[in-house]
Amino acid sequence: MSRTASASADAGATASKTAPASSGPGNGRSLSQLTINVRQSGIYIAFALIVVLFTVLTGGDLLQPQNISNIIVQNSYILILAIGMILIIISGHIDLSVGSVVGVTGGIAAVLMVNHDVAWPLALLLTLAAGAAIGAWQGYWIAYFGIPSFIVTLAGMLLFRALTLTVLGNQGIGPFPDEVRTLSNGFTEGYLGNIGLGVLGGADLFSLLVGIAVVAGLAVAQWRTRAARLGYRQTVDPLPVFVLKIAAAGVLIMAVTVQLARFHNLPWVLVLLAALVLGYTILTNRTVFGRRIYAVGGNLQAAQLSGVKVKSIVFWLFVNMGVLSALAGVIFAGRLNQAGPTAGNTFELDAIAAAFIGGAAVQGGVGKVVGAITGGLIMGVINNGMSLMGAPSERVMLVKGLVLLAAVAFDVWTKRRSGSPLLR
């Protein structure tokens with residue numbers, strides 16, 4: 001039985017890896033190397049197609065520098081929530097309360113900073129601590145008391161919405177300090193001045209250098225990962241395919257960077273998001289805790305038998321979700337320059353949709369942080385593109401609902417084709 005548990009943990013932790021290849025002839029290894037994993041790559045292809053579609057439908061307005069900046073800033077808090085939500089879903093749970101937690105923590109930040117003149121760094125730390133306490137409260141009932149997460153967080157959605165109204169006195173509180181507004185809406189300074197880009201005009205040199213550094217770091221990291229897999233005799237993409245994938249990602253990153261550098265440089269919230277994505281990607285891919293998250297969601301019984309402290313894992317995942325919800329609450333309140341009693345309404349639905357559209361499995365055990373970010377951006381592009389087209393709100397909701405249904409249907413379909421025993 002311990003052998004089964006070990007296999008389950010490895011399968012969850014290395015969802016993006018293929019099985020070790022045998023060395024004998026006629027094993028189809030060359031064919032498998034040329035086969036693209038549709039489950040992993042489909043979301044990025046779909047994202048590219050959606051961007052192209054709305055670029056055409058909006059006459060190119062979607063990819064204008066100011067609009068790209070708007071998409072990032074306007075969806076930043078959903079992307080932050082999606083990072084925490086993907087971890088919750090990978091572990092086999094759900095959190096319906098994050099929108100209400102965004103509202104109450106934004107209200108706490110407003111009371112501290114505006115009503116009591118607490119210095120913003122201290123107020124931010126206290127708000128994050130409040131989010132952690134909320135996560136610990138829910139995590140205890142789920143992990144140690146055994147109540148399903150759906151029920152606990154549904155109750156939390158109501159409880160923390162009531163606390164939001166209590167904290168704010170059913171009224172908005174603002175304005176926020178300039179530093180908080182800058183984090184939510186501001187941009188980096190032009191530290192090195194502008195550089196000419198021909199027909200594109202001038203662009204911030206510092207932003208361009210940051211983009212180049214990101215592409216270089218991505219290429220080095222992927223190359224090292226490929227070399228490590230080869231060392232373990234695992235199948236990898238052929239070198240031309242590998243180079244093509246890196247080149248495609250690099251072109252995308254630099255295209256976005258150039259557009260941002262032409263507008264108001266890099267949004268500070270994008271810098272924050274990049275740090276979060278990097279940190280949580282390392283957590284899920286390179287740490288024991290990350291591997292255990294996949295193990296818990298992939299096969300709970302096997303994880304327990306292999307010695308994984310399942311209750312502790314689940315508890316800390318909800319604490320983490322509370323902290324990220326508090327951070328999103330501060331970002332959202334800072335963007336509006338006011339904490340309101342309706343803040344965070346339906347945010348939980350957008351975060352859950354981002355995770356599932358980004359490739360999370362319904363049964364848990366599968367998902368990536370980058371995938372959740374991509375799913376959130378797909379929702380953001382749909383919102384923004386249809387807004388530019390003047391589409392009514394009901395049509396936007398219709399399209400988003402169909403996209404979510406299609407993403408989950410695709411997940412179920414791929415499982416059935418792979419012979420998953422859960423769906424037989």
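Values below: every heavy atom of this structure, side chains too, minus hydrogens, waters and symmetry copies. Position 1 is the first residue of the sequence; numbering continues from there. Keep in mind it's a predicted model, so treat the numbers as computed, not measured.
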Shortest non-hydrogen contact between [X] and [Y], atoms and distance:
X: Ile89; Y: Ala361; value: CG2-O, 3.8 Å
X: Arg161; Y: Thr342; value: NH1-C, 3.8 Å
X: Ala343; Y: Phe332; value: CB-CE2, 3.6 Å
X: Gly193; Y: Asp204; value: O-OD1, 3.5 Å
X: Ala333; Y: Phe176; value: CB-CZ, 3.6 Å
X: Gly202; Y: Asn194; value: C-ND2, 4.3 Å

With a 3.5 Å distance limit and no angle check, can you tell me whether [X] reaches the backbone of [Y] through a side-chain donor-acceptor pair?
X: Arg292; Y: Val310; answer: no
X: Ser76; Y: Val73; answer: yes
X: Ser69; Y: Pro65; answer: no
X: Thr346; Y: Leu349; answer: no
X: Arg226; Y: Asp237; answer: yes
X: Thr58; Y: Leu62; answer: yes
X: Asn185; Y: Arg335; answer: yes
X: Ser387; Y: Asn383; answer: no

Could you tell me whether the side chain of [Y] reaches within less than 4.5 Å of the side chain of [X], counting heavy atoms only?
X: Asp95; Y: Met85; result: yes
X: Val236; Y: Leu230; result: yes
X: Val98; Y: Ile352; result: no
X: Trp137; Y: Phe318; result: no
X: Leu79; Y: Leu276; result: no
X: Met386; Y: Phe54; result: yes
X: Ile108; Y: Leu126; result: no
X: Gln138; Y: Phe160; result: yes

Fill in: Set of side-chain contact (heavy atoms from CB on, under 4.5 Å) partners for Ala328, sequence neighbours left out
Tyr77, Ile80, Leu81, Val102

Item to complete: May I have the step-by-step check of side chain to side chain contact (heavy atoms under 4.5 Å, CB included) for Trp268 and Thr188, ending in yes or no?
Response: CA-CA 6 Å; Trp268 276 113; Thr188 59; 3.9 Å; yes

Item to complete: Tell me, please, which residues at least two apart from Asn320 pass side-chain hydrogen bond (donor to acceptor under 3.5 Å, both in side chains).
Response: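 With sequence neighbours excluded, Asn320 shows a side-chain hydrogen bond (donor to acceptor under 3.5 Å, both in side chains) to Tyr280, given in chain and number order.
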
From [X] atom [atom1] to [Y] atom [atom2], the distance as rounded to the nearest 0.5 Å:
X: Leu87; Y: Trp316; atom1: CG; atom2: CH2; answer: 15.0 Å
X: Ile134; Y: Leu163; atom1: CD1; atom2: CG; answer: 7.5 Å
X: Ile72; Y: Leu260; atom1: CD1; atom2: CG; answer: 4.5 Å
X: Leu317; Y: Ile90; atom1: CG; atom2: CD1; answer: 9.0 Å
X: Leu183; Y: Leu327; atom1: CG; atom2: CG; answer: 7.5 Å
X: Thr55; Y: Gln64; atom1: OG1; atom2: CD; answer: 10.0 Å

Worksheet entry | Pairwise side-chain hydrogen bond (donor to acceptor under 3.5 Å, both in side chains) hits with a residue in residues 98-124, at least two apart |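 Those involving residues 98-124 do not exist here.
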
Item to complete: Could you walk me through whether Leu404 and Met379 pass side chain to side chain contact (heavy atoms under 4.5 Å, CB included), step by step?
Response: CA-CA 9 Å; Leu404 175 60; Met379 301 291 280; 5.9 Å; no

Discussion item. Please evaluate residues Val370 and Thr374 with respect to the criterion side chain to side chain contact (heavy atoms under 4.5 Å, CB included), reporting the C-alpha separation (whole Å), side-chain torsions for both, the decisive distance (0.1 Å), and the verdict.
Written reply: CA-CA 6 Å; Val370 175; Thr374 305; 4.2 Å; yes

Fill in: Over 12 foreign heavy atoms within 6.0 Å of CD, Glu189
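At most 12 heavy atoms, drawn from other residues, nucleotides or ligands, come within 6.0 Å of this atom.
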
Practice prompt. Indicate whether any N or O donor in one side chain lies under 3.5 Å from an N or O acceptor in the other, for Asn67 and Asn384.
Written response: yes

Fill in: Pair Val104-Thr166, side chain to side chain contact (heavy atoms under 4.5 Å, CB included): steps then yes or no
CA-CA 9 Å; Val104 70; Thr166 302; over 6 Å; no

